[in-house]
Number of protein chains: 2
Amino acid sequence: MLKKNVNINDLATRLGLSKGSVSRILNDPQAPFAPETRRRVMALAAELEYRPNAIARALATGQTGSVAFWIRDLAVAYNAHVAQAFETQIEAAGYHLFIRLYGGGEGKPFPQMTPENADGIVTHGAPPHGWTVMAQSDSRRVPLVLTGAILDPEALDWVGVDFYGVSRTAVEHLLASGRRRVALLTPSHQCDDRRLAYLEVMAEADLAPEVIETDGESRSAVRRSLAEYIAAHGHPEAMFCHNDDAAIAASRVLVDLGLRIPDDVALIGCDGIEDIEYLTTPLSTIVLPIDEMCALAWRYLKRRMQEPDAPPQRITLQPTLALRASSGVS
Amino acid sequence: MLKKNVNINDLATRLGLSKGSVSRILNDPQAPFAPETRRRVMALAAELEYRPNAIARALATGQTGSVAFWIRDLAVAYNAHVAQAFETQIEAAGYHLFIRLYGGGEGKPFPQMTPENADGIVTHGAPPHGWTVMAQSDSRRVPLVLTGAILDPEALDWVGVDFYGVSRTAVEHLLASGRRRVALLTPSHQCDDRRLAYLEVMAEADLAPEVIETDGESRSAVRRSLAEYIAAHGHPEAMFCHNDDAAIAASRVLVDLGLRIPDDVALIGCDGIEDIEYLTTPLSTIVLPIDEMCALAWRYLKRRMQEPDAPPQRITLQPTLALRASSGVS
DNA sequence: CTGTTAGCGCGTTCAA
DNA sequence: TTGAACGCGCTAACAG
């Protein structure tokens, strides 16, 4: 804002050319211009460090060359990994990525207006009020792809992850070891397939469900909530955790109490983040196909940007259960 | 792009008003208009779900209402925390944050053009080639604040962190326990105050320095490099680690080898991320003042946006050494 | 109280 | 091979 940026008009007047000619020479290598003219233009542009104003260009072309990635919270390690993975996808295509946070910890809603006016949006792990995006997308029609646990299959492009089957397997695995007091560790009000599968398997086994709800999703919040819970109710024999961060926090609580994993309490996490390899007791977990999910999301988004009226694109990916020492595998 | 977005012209024609009037009513609650007119405008805007085109607005006003945060790599947990902390700062001021990645793991340079044309930029942990930003900033003059370990004090606004003094203290602390084979664990080619302080303290103590260079910054890279190193050279009695991720990776390597922390190898990390509270042996570390750093960066940036010609704003913050069990504190 | 006009910086027709 | 003019959607200054 200080020194006025050189713009295409400055170049044109200095060169004795018209604005339009300069623009075409700069943007279209095929444009029919005298080599000498072309050379002069390029030289002056370089000398003056001319950089086209991206906003004006976006206004004129209707494209920004950027994609927005909306995510809830970078403090959850898994989210940061997904963001990074998606960046890898689109940078190869020459697009820029903006990461936007839509809920700094708690209930901040989606931004009403997206100042970036990205050419497309990918959201990950959208909460219920995330569906405001749908409404927005309906009037503005920004290409949008949802990823993660999909709650609503209607009228959108998405790359979903099916937590149901693998969650059942996880809980069944914990029960198979003979443990009967198997709990679910999850944020309060979180009601997804992980919880559903857990409740069903417990019911089928004629066991009372034990849902330990945490007051927040951060490790410290989980740690606090779980410590209080155990102080009040004693510890379960096994825990199926909502994500790996919760499982990591749980390990800390258990170790602090002198409890052994898996002997006293077995643990299974979810997400498959790298961090769990650094725990003393390797953590069993549900591994999500992050790279595949991001690759598909990007493919869908590209298609939607090119063909706004293409039919809905949807896929459901299956995570895999990785059994390690924390759930009693030798 | 599908359905044409309603724009301010649509509103104006439907209302029988001029574009300018609609604009003023929408943006300026104080503008002198008949209450009835105002009501009609607001009603139609709501009904049609009118959303101003942010790009056109930005072009007209010269402001975007957004700030870009450039960071190297979200896979390093500390970076994700800083991004999150900075977001907290600016959202309070009503600004939007874009997180941009400038080096997906390795040497990708800064984006030449910033498509977001943010009103300001904050970078964190800029590498040497990050100084291209300076050049860019010199011709375009986007308000810019650097944070983290500052290499070059010239002609910029920055919130620096002084690693030198605290690093000396850390190394001296390791030596004070009688350990003599004290190593530095750092990425290769990383040459900052941590390394400098380490080398000086070792020299002053008449000890041979032992720099263990890792081939990359990720936990897995550190893990691999360190394992190979120890296989070849045996293990040192203590390690001063470049950051907490490196320390966490080191713990894993040591545990796998059956070595005890701190009895066989003492460890001190750097950054003070939350993750280290979840290791079996609490990790000694250098705690960086993340919140203070972000708050100051935002204050400096605001000032620079308001007064482009304000004098340089600079401060150097002091981290603190948090001693825990990993370095032999009882 | 409201309408008109002139840009913001660029790409992109159409002519010449 | 080049120039002139228009439009993207909006804000702002000046009329009336």
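None of the values given here were measured: they were computed from a predicted structure. Protein chains get the first letters and strands the later ones, always in sequence-line order, with residue 1 at the start of each.
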- Task: Apply ring-ring contact (aromatic ring centres under 6.0 Å, His included) to Tyr300(A) and Trp158(A), showing your working.
- Result: CA-CA 8 Å; Tyr300(A) 286 0; Trp158(A) 46 258; 8.9 Å; no
- Please report the C-alpha distance between Phe98(B) and His96(A) in whole Å, then the side-chain angles of each, then the deciding distance to 0.1 Å, and finally whether the ring-ring contact (aromatic ring centres under 6.0 Å, His included) criterion is met. CA-CA 11 Å; Phe98(B) 298 128; His96(A) 293 275; over 10 Å; no
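Taking atom CG on Asn7(A) and atom P on dG9(C), their separation rounds to 6 Å, with Å as the unit. What separates CG of Leu59(B) from C1' of dC10(C) is a distance of 8 Å, to the nearest Å. Rounded to whole angstrom, the span from the CG atom of Asn53(B) across to the C1' atom of dG9(D) amounts to 6 Å. Atom-to-atom, CD of Gln63(A) to C1' of dC8(D) comes out at 13 Å; the value is rounded to the nearest Å. Here the C1' atom of nucleotide dT2(C) and the CG atom of Leu15(B) are 13 Å apart, to the nearest Å. What separates CG of Asp10(B) from C1' of dC10(D) is a distance of 13 Å, to the nearest Å.
Listed by chain and number, the residues in a salt bridge (charged side-chain N to carboxylate O under 4.0 Å, His left out) with Glu36(B) are Arg39(B) (sequence neighbours excluded).
Distance from the side chain of Ala60(A) is smallest for dG7(D) among the nucleotides dG3(C), dG3(D), dG7(D). For Ile8(A), whose side chain is taken as the heavy atoms from C-beta onward, the closest listed nucleotide among dG9(D), dG11(C), dG3(D) is dG11(C). Considering only the side chain of Lys19(B), dT11(D) comes nearest among dT11(D), dC10(C), dG9(C). Set against dT2(C), dC10(D), dT2(D), the side chain of Leu17(A) has dT2(D) as its closest nucleotide.
Contact of Arg24(A) with dT12(C) (side chain to base): no donor-acceptor pair of N or O atoms is detected under 3.5 Å.
With Thr37(A) contributing its side chain and Phe33(A) its backbone, the two residues share no donor-acceptor pair below 3.5 Å. Between the Asp119(A) side chain and the Thr64(A) main chain, a donor and an acceptor come within less than 3.5 Å of each other. One N or O on the side chain of Gln84(B) and one on the backbone of Leu74(A) form a donor-acceptor pair closer than 3.5 Å.
At dG11(C), one or more side-chain N or O atoms of Ser23(A) fall inside 4.0 Å of OP1 or OP2 (strictly under the cut-off). Not one side-chain nitrogen or oxygen of Tyr50(A) sits closer than 4.0 Å to the OP1 or OP2 atom of dG9(C). The phosphate of dT11(D) has OP1 or OP2 within less than 4.0 Å of a side-chain N or O from Arg57(B). In this model, the phosphate group of dT2(D) is not approached by any side-chain N or O of Ser21(A) to a distance below 4.0 Å at OP1 or OP2.
Counting any heavy atom pair closer than 4.0 Å across all strands shown, Thr61(B) reaches sugar-phosphate atoms only and no base atom.
Proximity of residues 25-38 of chain A to DNA chain D (heavy atom under 4.0 angstrom from any strand atom) is restricted to Pro32(A), Phe33(A), Ala34(A), Thr37(A).
Classified by interplanar angle (parallel below 30°, tilted 30° to 60°, perpendicular above 60°), the ring pair Phe86(B)/Phe69(B) is parallel.
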